[in-house]
K.L.:
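Quick one: the structure is below, questions incoming.
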Amino acid sequence: MLQPSRGGRSLRGRQLPRRLVQLYAGLMLYGVSMALIVRSALGNMPWDVLHQGLADRLGWSIGTVAIVVGALVLLGWIPLRQRPGLGTVSNVVVLGLALDATLAVVPAPSSLPLRIGLLLAGLLLNAVATAAYIGVHLGPGPRDGLMTGLVRRTGRSVRLVRTSIEVVVVAGGWLLGGTLGLGTLLYAVAIGPLVQVLLPWLSVSRTYPVTPAGRPTPPVAAPPPPG
């Protein structure tokens, strides 16, 4: 599993303008993809099962809930000694705003073929958005940073930690009334391979400082997908 980028060097280099544009475009597209999957009503992304369940209980918009949950998860980084980047902080706000804005203009379709179309479009768009976001190396999303922090502190495998978190999140969201279904399973199975195919096309090279020995500092691997 790819690991989160670390502070300082992430905002240096001549590629910064492109990286910033790609960062915010990726985050906005990610929010749009979340909304398309929600509108399909065929099963939300794992964290959106929880977001939707809480939104129904609290009477808030799902985007507002996503922002609040993201901020609370980010607070969980403190005991894990995780270091957020610009992309991390931006993730908390931009995803929720884009999600609510898209839900406001995209109606819920009644026919099954249209719902399936929204689900597939949301899944593919999410893969593109995830690769775009990861490819700029400006910090992991708060939920994935929580995962990598727990992996480092507990010594458990990424697969075990990520699965455990998502099982708890999905189960809690489902009990609160969030939509769990085929879309949830399809997302879990397909998003990794899709992002792996797209990531080489959307990764932005960085300029690294040179050590006293005249060797460039090795690149830091990209963070996991935002969530």
Side-chain angles (χ1 to χ4, degrees), residues 18-56 58 60-74 84-109 114-115 117-147 166 169-170 173 178-180 183-184 186-188 190-192 194-195 198-199 202 222-227:
R18 178 197 160 173
R19 292 168 67 199
L20 291 175
V21 170
Q22 185 170 316
L23 167 67
Y24 289 105
L27 290 175
M28 287 188 289
L29 289 177
Y30 197 100
V32 171
S33 72
M34 293 164 68
L36 297 181
I37 295 173
V38 168
R39 280 290 186 243
S40 77
L42 292 172
N44 296 330
M45 296 160 54
W47 279 91
D48 280 345
V49 178
L50 176 63
H51 297 154
Q52 188 181 52
L54 286 172
D56 290 345
L58 297 172
W60 297 355
S61 71
I62 187 172
T64 299
V65 172
I67 291 172
V68 172
V69 170
L72 292 175
V73 171
L74 192 55
L86 175 63
T88 309
V89 178
S90 300
N91 179 293
V92 173
V93 178
V94 176
L95 294 191
L97 294 178
L99 170 57
D100 275 350
T102 306
L103 289 174
V105 298
V106 176
L114 286 176
R115 291 166 60 197
L118 281 183
L119 173 62
L120 295 178
L123 178 61
L124 292 174
L125 185 59
N126 187 270
V128 174
T130 298
Y133 171 75
I134 291 176
V136 297
H137 314 284
L138 289 174
R143 297 158 185 82
D144 286 294
L146 176 67
M147 176 198 69
E166 293 193 347
V169 166
V170 169
T179 303
L180 173 65
T184 311
L186 183 60
Y187 182 88
I191 193 65
L194 286 172
V195 171
L198 292 166
L199 190 55
L202 291 169

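Starting from 1, each residue takes its place in the sequence as its number. Note that the structure is predicted; figures quoted are calculated from it, not measured.
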K.L.:
What are the two closest non-hydrogen atoms of Gly63 and Asp100, and how far apart are they?
P.N.:
N-OD1, 2.8 Å

K.L.:
Quick one: are Leu20 and Leu86 in side-chain contact, heavy atoms under 4.5 Å?
P.N.:
yes

K.L.:
Has the side chain of Arg39 got a donor or acceptor atom that lies under 3.5 Å from a matching backbone atom of Val106?
P.N.:
yes

K.L.:
What closest approach, in Å, do Asn126 and Met45 show between heavy atoms, and which atom pair accounts for it?
P.N.:
ND2-CE, 3.6 Å

K.L.:
Starting at CE of Met34, measure out to CG of Leu29 and round the result to the nearest 0.5 Å.
P.N.:
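Between atom CE of Met34 and atom CG of Leu29 there are 13.0 Å.
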
K.L.:
How close do Ser33 and Gly122 get, counting heavy atoms only, and between which atoms?
P.N.:
CB-O, 3.3 Å

K.L.:
Using side chain to side chain contact (heavy atoms under 4.5 Å, CB included) as the criterion, list what pairs up with Val170, not counting sequence neighbours.
P.N.:
Pro46, Leu180

K.L.:
Using a 3.5 Å distance criterion without hydrogens, assess whether the side chain of Tyr133 forms a donor-acceptor pair with backbone atoms of Gly139.
P.N.:
yes

K.L.:
What distance do Ile134 atom CD1 and Leu23 atom CG have between them, rounded to the nearest 0.5 Å?
P.N.:
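Nearest 0.5 Å value for the CD1-CG distance: 12.0 Å.
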
K.L.:
Could you check whether any side-chain heavy atom of Leu194 comes within less than 4.5 Å of a side-chain heavy atom of Leu124, counting everything from C-beta outward?
P.N.:
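Yes, close enough: below the 4.5 Å cut-off.
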
K.L.:
Pair Val92, Leu74 - check side-chain contact (heavy atoms from CB on, under 4.5 Å), show working.
P.N.:
CA-CA 8 Å; Val92 173; Leu74 192 55; 4.2 Å; yes

K.L.:
Looking at Leu50, Asp56, Val49, which hits side chain to side chain contact (heavy atoms under 4.5 Å, CB included) with Gln52?
P.N.:
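Only one option passes, and that is Asp56.
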
K.L.:
Looking only at heavy atoms, which two atoms of Pro142 and Gly70 are closest? And how far apart?
P.N.:
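For Pro142 and Gly70, the tightest heavy-atom pair comes out as CB-O, 3.7 Å.
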
K.L.:
Under 3.5 Å, side chain of Ser40 to main-chain N/O of Ile37, donor-acceptor pair present?
P.N.:
yes

K.L.:
Please check if the side chain of Arg115 supplies one atom and the backbone of Ala41 the other of a donor-acceptor pair under 3.5 Å.
P.N.:
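Pair found, side chain donor or acceptor close to backbone of Ala41.
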
K.L.:
Distance check, rounded to the nearest 0.5 Å: Thr184 atom OG1 versus Leu119 atom CG?
P.N.:
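Separation between the atoms: 9.0 Å.
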
K.L.:
Would you sort out whether Val68 and Leu54 count as a side-chain contact (heavy atoms from CB on, under 4.5 Å), showing the intermediate values?
P.N.:
CA-CA 11 Å; Val68 172; Leu54 286 172; over 6 Å; no

K.L.:
Restricting to side-chain hydrogen bond (donor to acceptor under 3.5 Å, both in side chains), what partner residues turn up for Thr88, sequence neighbours left out?
P.N.:
none

K.L.:
Does Leu120 have any side chain to side chain contact (heavy atoms under 4.5 Å, CB included) partners at least two apart in sequence or in another chain, and if so, which?
P.N.:
Ile116, Leu186

K.L.:
What residues, two or more places apart in sequence or in another chain, satisfy side chain to side chain contact (heavy atoms under 4.5 Å, CB included) together with Leu202?
P.N.:
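Checked Leu202 against side chain to side chain contact (heavy atoms under 4.5 Å, CB included); matches are Gln22, Val128, Ala131, Ala132.
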
K.L.:
Quick check for you: to the nearest 0.5 Å, what is the distance between Ile62 atom CD1 and Asp48 atom CG?
P.N.:
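With rounding to 0.5 Å, CD1 (Ile62) is 5.0 Å from CG (Asp48).
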
K.L.:
Tell me every residue that passes side-chain hydrogen bond (donor to acceptor under 3.5 Å, both in side chains) with Thr102, counting only those two or more places apart in sequence or in another chain.
P.N.:
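None.
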
K.L.:
Run the side chain to side chain contact (heavy atoms under 4.5 Å, CB included) test against Leu97 and tell me which residues pass, sequence neighbours left out.
P.N.:
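With neighbours one apart ignored, the set is Ile67, Val93.
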
